There are 2 protein chains.
Amino acid sequence: MSEKSRDLTKEKIFEYCIKNFAENGYSNVGIRNISEGTGLSTGAIYYHFSSKEKIAQFLYDTATGLILDRIRTAVEKTANDQEALKSIIFTLFKLTEEEPHLMKYALYVKHKDFLHEAPPICSSKPFEYIKKFIKAKIKEGVFEDMDMVIAASLIMGPVIRIIQLKMDGILKQDLMKYTVPLFDGIARSIYKKQV
Amino acid sequence: MSEKSRDLTKEKIFEYCIKNFAENGYSNVGIRNISEGTGLSTGAIYYHFSSKEKIAQFLYDTATGLILDRIRTAVEKTANDQEALKSIIFTLFKLTEEEPHLMKYALYVKHKDFLHEAPPICSSKPFEYIKKFIKAKIKEGVFEDMDMVIAASLIMGPVIRIIQLKMDGILKQDLMKYTVPLFDGIARSIYKKQV
DNA sequence: ATTTATAAAAAGAACGCTCGTTTTATTAAA
DNA sequence: TTTAATAAAACGAGCGTTCTTTTTATAAAT
């Protein structure tokens with residue numbers, strides 16, 4: 001069979017699983033659920049993934065990869081430092097609105113439960129990228145000189161928190177509207193005072 | 001049997017479950033695990049809790065109650081506003097160091113997966129209390145006037161984030177040492193400028 | 001162009017195991 | 001003697017996975 005067919009099937013599994021793992025929890029979604037939801041047989045699923053865990057692994061890699069791509073593209077497009085951080089926040093908010101399942105999977109699903117090799121989400125590709133970004137800004141003197149742990153928490157903490165509020169259904173409004181006020185708040189805590 | 005005996009058994013189950021649910025995930029801890037871990041039979045467990053879900057419910061109520069108590073006590077002991085927020089942060093950090101399983105259970109375990117009645121953790125007792133606290137401070141003019149969602153995220157986001165870093169094993173150092181620098185950062189973003 | 005050979009892909013029944021729970025029996029306390 | 005508490009075996013359902021069979025696509029041979 002063609003490569004197209006294989007990719008199509010894998011994509012079907014990806015689509016269904018990322019949605020349902022995030023929504024119902026990894027343990028609450030069985031192979032038979034996936035089978036029903038995708039219209040594939042258990043045999044077909046096991047032909048493409050040697051185990052349920054391998055599906056989760058594939059989801060994890062794909063999801064973190066997609067998020068990283070979006071962030072990197074956003075940063076590379078911006079000219080100045082002030083805009084870069086704002087752009088990261090905006091991108092994450094937009095991604096949450098556009099692909100809530102992707103974001104839910106990346107932030108919520110307890111990967112440690114079933115992915116024994118995977119690092120905790122805070123050490124995943126996108127977060128590592130942002131960490132490097134922060135470190136560079138401190139070195140350049142754009143951000144106040146402070147402990148990396150403190151800086152990373154002050155910057156990403158509020159962003160993740162507000163995303164979770166949205167994903168929990170507490171926040172009904174469009175996340176993107178919060179970009180500027182949240183950025184302003186974060187900026188006060190980390191940007192160097194211009195005396 | 002005496003009430004003491006009943007409470008002792010319940011406590012044994014509580015101790016074992018809060019530790020293992022947080023560590024291994026609700027679905028990965030079976031009744032037989034609990035039985036082995038506590039030295040009780042499945043019959044004994046089901047005599048005290050009519051279902052596994054009821055255990056989780058009990059853990060949730062107890063854990064959030066304990067955290068709320070600690071926060072409330074801390075706030076009530078402090079005299080001025082500046083100290084109150086710092087005290088909340090310190091208390092949460094201390095609690096993380098002293099009772100990591102309690103904190104892990106409260107922040108990590110996906111309650112929605114099995115507790116269909118329970119609110120998301122951000123709407124639990126401790127968080128509601130802190131929300132009220134923030135709202136009051138804004139009204140009093142201590143905190144800058146801003147959207148509640150923004151304020152809550154700017155304050156609790158970094159705190160939760162740093163706690164998670166510790167619980168993930170990324171942060172090795174004592175959390176309490178981060179109280180002051182983190183508070184200072186948060187303060188810059190929310191306290192009213194004294195012009 | 002049609003047939004045939006080969007492997008990829010999918011189907012679906014079956015297996016063994018573990019789960020949450022129930023049942024029945026036994027022990028300890030009042 | 002009656003009830004609270006524990007023990008342990010048993011039940012049915014559902015799980016992840018494997019196995020065997022059938023279908024489908026691809027390419028070479030006629």
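Each chain gets a letter, A, B and so on, in the order its sequence line appears, and its residues count up from 1. It should be emphasised that the depicted structure is a prediction, and the values quoted were computed from it without experimental measurement.
A sub-4.0 Å separation between OP1 or OP2 of dT17(D) and a side-chain N or O of T42(A) is absent. At least one side-chain nitrogen or oxygen of H48(A) sits closer than 4.0 Å to the OP1 or OP2 atom of dA10(C). Note on Y47(A): a side-chain N or O is less than 4.0 Å away from OP1 or OP2 of dA9(C). For dA10(C), the OP1/OP2 oxygens have no side-chain nitrogen or oxygen of S41(A) closer than 4.0 Å.
In this structure, the CD1 atom of I45(A) is 12 Å from the P atom of dG12(C), given to the nearest Å. What separates CD of E36(B) from P of dA8(D) is a distance of 12 Å, to the nearest Å. The NZ atom of K12(B) sits 11 Å away from the C1' atom of dT6(D) (whole-angstrom rounding). What separates CZ of F49(B) from C1' of dT22(C) is a distance of 18 Å, to the nearest Å. Remark: P of dT18(C) and CD1 of I34(B) are 17 Å apart, rounded to the nearest angstrom. Atom C1' of nucleotide dA9(D) and atom OH of Y46(B) are separated by 15 Å, given to the nearest angstrom. Per the geometry, NZ belonging to K10(A) stands 16 Å off C1' belonging to dA10(C), to the nearest Å.
Below 30°, between 30° and 60°, or above 60°: for Y26(B) and F21(B) the angle between ring planes is above 60°, a perpendicular geometry.
In this structure, L175(A) CG and E98(A) CD are separated by 11.5 Å, a value rounded to the nearest 0.5 Å.
Judged by a 6.0 Å distance limit and a 45° cone about the ring axis, K192(B) is not positioned over the six-membered ring of F143(B).
A heavy-atom distance below 4.5 Å is not found between the side chains of R188(A) and K193(A). A 4.5 Å side-chain heavy-atom check between V180(B) and F90(B) finds every atom pair outside the cut-off.
Residue K52(B) has its side chain nearest to dT21(C) when only dA14(C), dT18(D), dT21(C) are considered.
Each of N33(A) and G43(A) was assigned the nucleotide of DNA chain D with the nearest heavy atom; the assignment lying further toward the 5' end belongs to N33(A).
Checked against the 6.0 Å centroid threshold, F58(A) and F49(A) count as a close aromatic pair.
When atom types are taken as modelled, the side chain of S35(A) and the backbone of L40(A) share a donor-acceptor pair closer than 3.5 angstrom. Put simply, the side chain of N33(A) gets close to the backbone of G30(A): a donor and an acceptor are under 3.5 Å apart. When atom types are taken as modelled, the side chain of T38(B) and the backbone of I34(B) share a donor-acceptor pair closer than 3.5 angstrom.
The nearest pair of heavy atoms linking E97(B) to M176(B) is CG-SD, 3.9 Å.
Inter-axis angle, ends of the helix from dT6(C)-dA25(D) to dA30(C)-dT1(D), five pairs per end, rounded to 10 degrees: 0°.
Nucleic acid contact for S51(A): sugar-phosphate only, since backbone atoms but no base atoms lie under 4.0 Å from a heavy atom of the residue. Within 4.0 Å of L40(A), counting heavy atoms only, lie sugar-phosphate atoms of the nucleic acid but no base atom.
Scanning atom types as modelled, no donor and acceptor separated by under 3.5 angstrom connect the side chain of R32(A) and the base of dG14(D).
Residues from residues 16-31 of chain A with heavy atoms under 4.0 angstrom of DNA chain D, sorted by number: V29(A), G30(A), I31(A).
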